[in-house]
Amino acid sequence: MKHLSTLKFASKDRMSFSKHNARLALICALSTQFVTIDQSIFAADNQQQQGIVSSIMWQQIEGSADKYIYPPGIPAVLRPSENHRVLRVEQYYKNAIDGKDLAFNVHGSWPSTPEFALKGDSTSGWNGRFLKITAPVCDAVASGEHGYRCSSDVTVLSDTPTGTIGISVDIRVDSETYSHQNSIFWIILPEMNAKHYPKPTTLTESNVHSLASFGLVDPASSSLLDSAGLENIRRSTVQITLDGNFSLGSGFFIQDAKRVFAAFPHQKDALEKLPVQTQFILTAAHLFPESYGSVSQSQSRIRSFLEGEKSAFDDGQVFDLFINRKLIRKAAKLLAINTESDIALMALTPEARTEASLEAGLSDQSAGGIPIASDMTYETKLTVLGFPSKDKDNLVQREGFLAPDSWPTDDTSNFGPLIKFKLQAMPGAGDLAEAGLSGGPIINSRGEAVGLTLERPIDSNSLIALDLTSIKSQTMTLDAKCKLAFNPFDRILTFGREIGSKCSYGRFGSPKRFDPLDGFWSMQEVYGFEDESVVNSFNSSPSTGSSLSGYWMMNGHAIINGHAIINGHAIINGHAIISGRNIMVNRDSIFDVNSKNLASGYKLNPDSFKSFVTKGVRILKAGSLRESATANLGNLIVGTKPVVGDAPQAFKPINSIRDFAIWWHLAATKPNLNQLVCIAESGCKPNP
């Protein structure tokens with residue numbers, strides 16, 4: 001599936017679609033991010049704050065003088081046959097920086113054991129069994145108007161396990177450590193050997209005309225709201241951008257924000273201390289990738305907002321808003337993120353409150369904004385609003401219908417307890433969801449928000465949304481003895497509890513019941529290329545607005561199975577290498593973009609825009625269970641056998657990490673666990 005948000009590209013924008021089967025392959029982000037160089041940041045009155053001007057990763061092309069570029073959100077793809085496996089991370093900062101103040105954090109595709117760990121520091125560099133990173137080298141003199149350059153080389157060894165490597169660069173400013181969305185990169189090592197077995201489609205996916213048998217009606221047969229009500233909703237729907245050019249996705253002002261505080265259990269008490277006049281914006285968490293250092297900044301975000309503090313690195317926490325066709329700079333600050341359920345909360349900054357409130361039609365917290373529905377009653381039609389990345393200044397409105405056999409749905413990467421639902425497009429209606437819509441509202445016939453747009457399955461014209469009515473005061477009860485963490489970009493899931501603890505981390509939003517597992521577990525979804533000889537019914541060009549083939553968004557924020565939008569500059573060796581504005585990149589246009597819009601022999605890698613599918617799951621860390629469970633550490637598990645009631649060797653292929661994690665909870669304590677999993681392709685005979 002694809003996330004409907006945008007990717008931040010240190011020099012380009014992108015979209016990200018989101019989660020589902022082959023997280024990477026089956027998901028395209030509905031959000032879009034654009035990174036540009038705003039020359040005003042070099043103004044004298046801004047010199048006290050540090051900031052990132054440009055950030056990119058690049059690689060020499062084997063056997064050529066040309067180089068591949070990978071802005072944040074566009075992953076590097078290293079095939080097994082690729083021998084040149086050195087990638088340079090090059091960043092430009094607004095003010096001079098000491099390389100010793102930079103730190104690299106890595107999540108890899110290898111088991112989390114001491115023998116594979118990355119060791120070192122910013123003085124000597126970092127070395128591990130599969131990865132080597134040189135110490136950052138920073139220039140003392142600015143590269144003209146582009147700022148101060150720092151660079152490090154990342155070497156991926158040839159025997160590194162297949163999967164996704166996530167890399168983030170943290171910066172220390174005034175004794176505080178900060179992360180930035182433009183300092184997060186991905187490297188995909190595609191699995192080339194294991195076979196992919198497509199997930200069977202449901203009745204609704206295979207024949208959308210069957211919706212008529214459930215009593216659904218044509219969109220033209222009913223209206224949503226009167227014009228005044230719809231206008232209020234449209235004014236309350238915003239586009240979230242960085243420096244006015246980097247569009248992350250959509251969001252919306254909400255009434256009675258306390259209704260959603262329970263979705264942020266670790267920040268709930270702090271949120272309740274904010275002034276009553278605070279204006280809140282609800283959006284999707286995958287718009288804001290966080291550092292792999294894994295230390296949440298939410299507490300400090302809320303404290304600094306409450307106390308009116310200015311951070312030395314605010315450009316990674318404060319965002320612009322496009323409201324009612326007007327761009328308002330530094331208008332919203334990110335306060336809280338729940339990555340596992342994919343929901344985030346922002347608030348208007350005091351400096352922008354008056355102007356933004358006027359444009360959005362807000363007067364105080366109880367007036368204006370969109371109310372949250374109290375229940376999910378059956379609605380024939382729901383309306384989706386947001387800002388698609390391919391036309392970033394225009395708010396669009398789409399209609400969809402609840403898919404009756406898919407709500408609640410398992411077509412998602414949701415690992416929190418909040419429920420998600422699926423909307424289905426009617427035949428001939430065009431794309432229901434696309435990059436840039438992530439974080440936007442889904443409205444019922446009463447003008448209430450019932451959902452938050454998140455992702456789109458890559459194999460159907462549908463949309464996955466978070467059910468806002470499922471947020472209850474008792475929803476989240478995670479305590480210090482439990483762990484639940486999911487990174488939607490590198491597809492790593494970590495969960496577990498201290499031995500003997502009675503804590504619970506929920507059931508991943510699944511109707512299936514299972515108990516938490518003792519010890520702490522970590523696993524990663526592994527991707528490979530989709531068989532491009534397979535053509536499905538959604539195989540037309542993205543430009544037609546009627547299909548998804550050619551989109552390659554990577555679960556949440558990257559772009560796998562989707563397209564990128566370039567809206568800015570990439571700087572390498574002190575030179576801008578991208579020309580043009582709002583450049584759309586997909587599998588059909590990449591060769592034209594490489595020849596016309598990039599300079600000095602720099603190119604986008606066509607492999608970054610291939611379609612990816614899930615090939616299996618790799619267990620990276622084993623919890624406290626019997627040896628038969630931990631024996632699978634590091635192996636690629638490509639299929640599972642039902643816990644009960646099936647013939648030997650009748651395996652079910654793995655289509656998503658979520659399905660596998662639920663199966664693992666149900667099966668991990670079984671004495672014959674090794675007989676229930678299919679390693680690589682040995683002995684695999686999947687169900688027909």
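In this chain, numbering begins with 1 at the start of the sequence shown.
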Problem - Intermediate values then yes/no, side chain to side chain contact (heavy atoms under 4.5 Å, CB included), V77 and K610 - result: CA-CA 10 Å; V77 179; K610 299 281 188 181; over 6 Å; no
Exercise for the section: Taking the side chain as every heavy atom from C-beta outward, state whether F252 and L452 have any pair of such atoms under 4.5 Å apart. Expected result: yes
Problem - NZ on K333 to OG1 on T278, rounded to 0.5 Å - result: 12.5 Å
Handout entry: Trace of the side chain to side chain contact (heavy atoms under 4.5 Å, CB included) decision for T339 with N487
Key = CA-CA 7 Å; T339 303; N487 190 308; over 6 Å; no
Handout entry: 4.5 Å side-chain heavy-atom contact, M346 and T283
Key = yes
Practice task
Supply the atom-to-atom distance R329 CZ to E351 CD, rounded to the nearest 0.5 angstrom.
Solution key: 15.5 Å
Completion exercise
When L466, L382, L468 are each screened for side-chain contact (heavy atoms from CB on, under 4.5 Å) with V450, the one that passes is L382
Handout entry: Any S183 side-chain heavy atom under 4.5 Å of I52 side chain
Key = yes
Exercise for the section: Quick one: pull up CD1 in I254 and CD in Q279 and give me the separation to the nearest 0.5 Å. Expected result: 10.0 Å
Practice task
Report yes or no: does T237 contribute a side-chain atom to a donor-acceptor pair with the main-chain N or O of G386 at less than 3.5 Å?
Solution key: no
Problem - Under 3.5 Å: donor-acceptor pair, side chain of S250, backbone of F387 - result: yes
Exercise for the section: Measure from the side-chain N and O atoms of N444 to the backbone N and O of G447, and report whether any donor-acceptor pair falls under 3.5 Å. Expected result: yes
Handout entry: Any D342 side-chain heavy atom under 4.5 Å of K420 side chain
Key = yes
Exercise for the section: Measure from the side-chain N and O atoms of S438 to the backbone N and O of L454, and report whether any donor-acceptor pair falls under 3.5 Å. Expected result: yes
Practice task
Give me the ring orientation class for F486 and F415: parallel if the planes are under 30° apart, tilted from 30 to 60°, perpendicular past 60°.
Solution key: tilted
Handout entry: Expected output: side-chain E455 to main-chain I464 donor-acceptor under 3.5 Å
Key = no
Problem - Minimum heavy-atom distance between I370 and S236, given as atom pair plus value - result: CG1-CB, 3.7 Å
Problem - Test item: R658 side-chain N/O and F508 main-chain N/O as donor-acceptor pair under 3.5 Å - result: yes
Practice task
Could you tell me the separation between the OG atom of S445 and the NZ atom of K381, rounded to the nearest 0.5 Å?
Solution key: 9.5 Å
Problem - Exam field: side chain S470 to backbone I419, donor-acceptor pair closer than 3.5 Å - result: yes
Exercise for the section: Please round to the nearest 0.5 Å and tell me the distance separating atom NZ of K330 and atom CG of L348. Expected result: 15.0 Å
Practice task
With the side chain counted from C-beta on, respond yes when L345 and Q267 share a heavy-atom pair under 4.5 Å apart, and no when they do not.
Solution key: no
Practice task
Using modelled atom types only, decide if a donor and an acceptor are shared between the side chain of R235 and the backbone of I323 within a distance under 3.5 Å.
Solution key: no
Problem - Donor-acceptor contact below 3.5 Å, side chain S595 vs main chain D592 - result: yes
Completion exercise
On a heavy-atom basis, the closest approach of A344 and L334 is CB-CD1, 4.3 Å
Exercise for the section: Please tell me if the side chains of L598 and V593 come closer than 4.5 Å, counting only heavy atoms from C-beta onward. Expected result: yes
Handout entry: L230 side chain reached by Q397 side chain, heavy atoms, under 4.5 Å
Key = yes
Fill in the blank from the handout: Correct closest heavy-atom pair for F319 and T241 would be CB-O, 3.5 Å
Handout entry: Side chains of D607 and I188 in contact at under 4.5 Å (non-hydrogen atoms)
Key = no
Handout entry: Heavy-atom pair of closest approach, residues E448 and A373
Key = OE1-CB, 3.5 Å
Handout entry: Non-hydrogen atoms of A352 and A331 that approach each other most closely
Key = CB-CA, 3.5 Å
Handout entry: Nearest-0.5 Å distance that lies between atom CZ in F322 and atom CD1 in I240
Key = 13.5 Å
Fill in the blank from the handout: Heavy atoms of N338 and A285 approach each other most closely as O-CB, 3.7 Å
Handout entry: Intermediate values then yes/no, side chain to side chain contact (heavy atoms under 4.5 Å, CB included), I442 and F421
Key = CA-CA 11 Å; I442 297 178; F421 62 86; 4.3 Å; yes
Practice task
Could you go through the side chain to side chain contact (heavy atoms under 4.5 Å, CB included) check for I69 and L604 one step at a time?
Solution key: CA-CA 6 Å; I69 61 170; L604 292 165; 3.8 Å; yes
Exercise for the section: Output yes when a side-chain donor or acceptor of R259 lies under 3.5 Å from a complementary backbone atom of I372, and no otherwise. Expected result: yes
